[in-house]
There are 2 protein chains.
Amino acid sequence: MPLDRSLISGLALFAEMTPAEQEDILAKARSSRHPKDAVIFAQEEEAHSFFVLLAGHIRVVKTTPDGEQVIARYINEGELFGIAPAIGRTTYPASAIAAVDCVALAWPTRLWSDFASSYPSLTSNTYATVGRRLQETQQRVVEMSTEQVEQRVAHTILRLIKQAGRKTPEGIEIDFPITRQDIAEMTGTTLHTVSRLMSAWEDEGIVVGGRQKVTVSDPHRLMLIAEHRRKR
Amino acid sequence: MPLDRSLISGLALFAEMTPAEQEDILAKARSSRHPKDAVIFAQEEEAHSFFVLLAGHIRVVKTTPDGEQVIARYINEGELFGIAPAIGRTTYPASAIAAVDCVALAWPTRLWSDFASSYPSLTSNTYATVGRRLQETQQRVVEMSTEQVEQRVAHTILRLIKQAGRKTPEGIEIDFPITRQDIAEMTGTTLHTVSRLMSAWEDEGIVVGGRQKVTVSDPHRLMLIAEHRRKR
DNA sequence: CCCGCTATTTGCGCAACGGCAAATTGCCGC
DNA sequence: GCGGCAATTTGCCGTTGCGCAAATAGCGGG
């Protein structure tokens, strides 16, 4: 069945395209549903498709040869993912896993170069995204190099509530299930240390924990922890 | 004085352009010399130009609000740098410092969009570069998350001799002056720890140290250290 | 409603690494 | 040739945060 243009007309990525162009792109897309925990694509796999996430949240994970995992980022609604072809790769550099039930649009990789030449706004938006991710990743390197674990975890949680926060009576909550282990894999520490930190913060009334859930009740104080300088 | 096309005709970045196109691009370039330790551009500064390095080595450094520094990467001959406009930024995200005397070509930032539309091969090469840097940076995050300091330093030195190594009677030497502090800023540790590690390696005959110099005499053994898994 | 699985918490000990201080070395410029 | 400066080395100690182990707590399914 044909896809409705309203699916993508609201996304910044396609905002500068005409309705006809949007129809054209949609006509070539295939929509896909992915239940929670499904592997949408796997690291090292041939990059058959690239995607736009319409609904849900996706975890992008790198696995090392000896089985350790690092979360590269979370993808939010409206974002591109799996854009290996755009950066000159033929395999995916990481795996994408549905953090909740997800809906995405997918296009065969081989269409990328057609799209790139036909729709300059798509190209420039894509590269702006890649550039932004490069910035974010560099920032993460800086944090890992210069901050203590406590500050890194605080920064990471603040970033999560900023990009996927939802207001609740108790504070701002991360909109998808996330474990202590996940937070550890985003910050380069262990689930034990994350658990200890969050327990301490909970005692101080800064956050409210829960199974696969984090709610920040006092963002300001969490910011103070994140910015706290112990030296100098 | 006009610049000679031979300056850039050998660079992969311009390889797919016609001689006439190369002339056109060169005509708009300004060449610049930068003595060792010169700041070519500074973090946060308005991005007035983008560059290609013709000769020398450049250190790209991020400085935190409290004055700590992290080396984002080294730029080698033939590489683009300062390409803020290409990733949708108006200021430079880091500073660029000449590690040795350097020669570069510079173009005003406002020309970027003209070039991007006139020379598709330049665009795609540029984005391949950005993509590669994103990969490298992610890899660095993975290393910082999962490896001990010793392995990280070993990996970093191996990477340096791979991209800027020069054969000498004693082994392979990094082609530009680099201090223990610099290596610390690439690996997220301190110059003390780097010094201790390198002293130990020197005792074992794996490297030869020197002031602002590193020579690897036994790359194979250094690789073993880099890959050494202590757990599991 | 109970079972079983997974996530989380927490105590304990220790190893890796950073901080500090001081000595030493090599090099550049005068 | 020498003085001064920057880079490097090294010892010692303290702390952070990890490894390990075991207990506990939610949650989903049957």
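Chain A is the first sequence line, chain B the second, and so forth, proteins listed ahead of strands; every chain is numbered from 1.
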Any [X] side-chain N or O less than 4.0 Å from OP1/OP2 of [N]:
| X | N | answer |
| --- | --- | --- |
| Arg180(A) | dT8(C) | yes |
| Thr189(A) | dC18(D) | yes |
| Arg196(A) | dT9(C) | no |
| Ser199(A) | dT10(C) | yes |
| Thr190(B) | dG18(C) | yes |
| Thr193(A) | dG17(D) | no |

Roughly how many Å is it from [atom1] in [X] to [atom2] in [N], rounded to a whole number?
| X | N | atom1 | atom2 | answer |
| --- | --- | --- | --- | --- |
| Leu197(B) | dC17(C) | CG | C1' | 10 Å |
| Met144(B) | dC18(D) | CE | C1' | 17 Å |
| Ile178(A) | dT6(C) | CD1 | C1' | 16 Å |
| Asp203(A) | dT9(C) | CG | C1' | 11 Å |
| Leu191(B) | dC20(C) | CG | P | 13 Å |
| Ile183(B) | dG18(C) | CD1 | C1' | 18 Å |

If every non-hydrogen atom of [X] is compared with every non-hydrogen atom of [Y], which pair is closest and at what distance?
| X | Y | value |
| --- | --- | --- |
| Leu105(A) | Ser31(A) | CD2-CB, 3.7 Å |
| Glu204(B) | Arg221(B) | O-NH2, 2.7 Å |
| Ala47(A) | Ala84(A) | CB-CB, 3.9 Å |

message: Would you say CZ of Arg33(A) has more than 12 non-hydrogen atoms from neighbouring residues, nucleotides or ligands within 6.0 angstrom?
response: no

- request: With heavy atoms under 4.0 Å as the rule, sort Ser195(B) into base, sugar-phosphate or nothing.
  value: base

query: Which residue, Arg211(A) or Glu147(A), contacts DNA chain D at a nucleotide closer to its 5' end, judged by nearest heavy atom?
result: Glu147(A)

query: So which nucleotide from dT9(D), dT8(C), dT25(C) ends up closest to the side chain of His192(B)?
result: dT9(D)

query: Would you call Arg133(B)-Glu79(B) a salt bridge at under 4.0 Å N-O?
result: yes

